[in-house]
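On a predicted model such as this, the values are computed, not experimentally measured, just so you know. For ligands, and for the atoms within them, numbers begin at 1 and follow the listed sequence. Numbering of residues begins at 1 and proceeds along the displayed sequence.
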Amino acid sequence: MNKCENHIYIIFGATGDLTKRKLLPALFSLYVQKLLPNKFILLGVSRSQLSDEDFRNKTKSALEGFRETDDLTKIDDFIMNVFYNSIDFDDLNSYKKLKKRINKLQNEYSIESNIIFYLSTPPSLYGTIPVHLSSVGLNNQTDGWKRLIIEKPFGYDYGSAINLKNLLLESWEEEQIYRIDHYLGKETVQNLLVTRFSNGIFEPLWNRNFIHHVEITSAESIGVEQRGGYYDTSGALRDMVQNHLMQIVGLVGMEPPSSLEPVAIRNEILKVLQSIRRFTEEDVKQNCIRGQYLSAKIKDEIVAGYREEKGVRQNTYSETFIALKLYIDNWRWGKVPFYIRTGKRLPLRVTEIVIHFKETPHFLFSYNKSHNQCNQLVIRIQPDEGVLLNIGMKIPGSGFEVQNVNMDFHYSDLTSLRIPSAYERLLYDAIKGDSTLFARTDEVLESWKILAPIIDCWKNGNDIPLYGYPAGTWGPLIADELIEGKNMKWRYPCRNLSNDGIYCEL
Ligand code: BG6
């Protein structure tokens with residue numbers, strides 16, 4: 001456990017976009033940092049008929065596009081470890097041939113029988129591939145470990161997630177399965193644990209007595225780009241909330257774990273998810289706003305509306321924006337609302353957590369207009385990773401006028417340190433056998449269970465509107481009304497942008 005041992009790294013879906021954009025650069029970066037073991041082979045597996053040479057060239061051009069120039073010389077060395085094997089995913093014989101190829105590589109390069117299988121394929125293959133691998137004995141750990149890394153989505157809803165779980169657990173042990181949620185690989189998401197549990201000053205305040213509400217925003221300025229086909233079957237709830245944002249809620253809301261062991265942390269996250277109040281139909285109507293972006297002009301350029309995007313159905317009701325209010329019904333969080341929003345084609349790319357503390361019990365001072373009497377702790381996940389504490393300070397001069405100021409830490413100030421990419425961190429952890437930052441089956445299922453009523457209500461119609469918002473705005477205006485309380489509103493991370501979203505039903 002937690003050692004970096006010689007192994008073969010097999011990527012199913014090796015010619016896909018994720019492999020090119022994330023997996024290859026992450027593995028190469030580990031290689032450059034000498035974090036890969038002495039003996040390491042990367043075997044790309046996909047439907048396309050390619051030779052080792054072809055795949056090496058593809059790898060090379062992917063890496064050249066993503067690395068700084070001074071690393072270019074190392075690419076040629078790296079690709080000498082790269083091989084390719086084409087496959088028919090549905091044909092058992094193909095897996096027998098794959099096994100032979102693996103054995104041949106192991107013998108030729110004297111590599112132990114440790115293997116990582118990374119499924120970077122369409123989710124429809126998440127059952128097929130592991131079952132076929134086990135049919136040919138490639139799940140067998142007697143001669144070396146075998147690990148299965150699966151990309152999201154883990155199922156399409158609660159029922160399909162259960163089916164997938166049952167199918168996988170028929171032939172694989174839970175400990176062999178690494179469900180990747182790349183948000184957990186982000187340095188600043190992990191820093192949440194450190195912020196909370198390495199500082200004596202926050203934990204005593206981290207509860208219903210001092211916190212008024214919690215806000216979690218994950219905004220993207222891009223649209224669905226080339227992924228319209230996938231996204232239209234998913235929507236923002238499945239794409240972002242079920243996995244990334246629920247894990248963040250878990251980390252913000254959890255009790256201190258007894259240790260940093262994977263089981264201790266995952267147990268605490270699970271308890272938070274189990275405590276989230278179940279949505280009734282009425283809650284879905286009141287506390288859950290969905291939207292879809294409309295064509296608009298952004299910086300002199302007309303961008304397409306969601307329904308005009310390639311691969312998207314013309315009259316689709318898939319949401320590209322969602323804002324939710326939820327409650328964690330336990331002693332720590334009783335009656336503290338958690339507001340969550342995510343969307344595509346919002347004004348900028350930003351993910352942040354804002355802890356809004358309660359106001360002081362008695363107002364001694366006069367406040368200028370911009371003063372907010374509630375302190376805020378902003379944990380910026382990306383970009384400009386860092387932590388900001390907003391506090392009141394005296395304006396110099398006579399009297400006691402107060403103004404908000406920021407104590408602001410930027411990761412970029414730690415100039416000597418490079419922030420590893422999320423995939424780099426997670427791929428490395430899986431190689432070491434550390435599953436702390438991967439989602440466990442019960443967490444995944446719990447998250448689907450929480451969202452099931454929303455999915456059902458939307459599916460059944462139930463008079464739940466889908467609001468349009470012009471691309472480049474902060475989503476439907478009505479989402480602002482979710483946040484209750486005097487002077488309470490979403491934090492708009494870019495100050496001079498107001499929300500011009502229109503209030504129309506699609
Ligand atoms: C992915 C979603 O999981 O996360 C994408 O499928 C989304 O739709 C992406 O764009 C966002 O990741 P990040 O790291 O850019 O915030």
Who's touching ligand 1 if we go heavy atoms under 4.0 Å?
Lys152, His182, Tyr183, Lys186, Glu220, Arg227, Asp239, Met240, His244, Lys344, Arg349, Gln382
Using the side chain to side chain contact (heavy atoms under 4.5 Å, CB included) definition, which of the options Phe321, Trp458, Tyr467 pairs with Arg290?
Trp458
Is a donor on one side and an acceptor on the other found under 3.5 Å between the side chain of Arg147 and the backbone of Ile177?
no
Side-chain contact, heavy-atom cut-off 4.5 Å: Leu324 with Ile454?
yes
Would you indicate whether the side-chain heavy atoms of Phe12 and Ile87 approach each other to under 4.5 Å?
yes
Looking at OH of Tyr31 and CG of Leu63, how far apart are the two atoms once the value is rounded to the nearest 0.5 Å?
11.5 Å
Cationic N near anionic O, under 4.0 Å, Arg341 to Glu352:
no
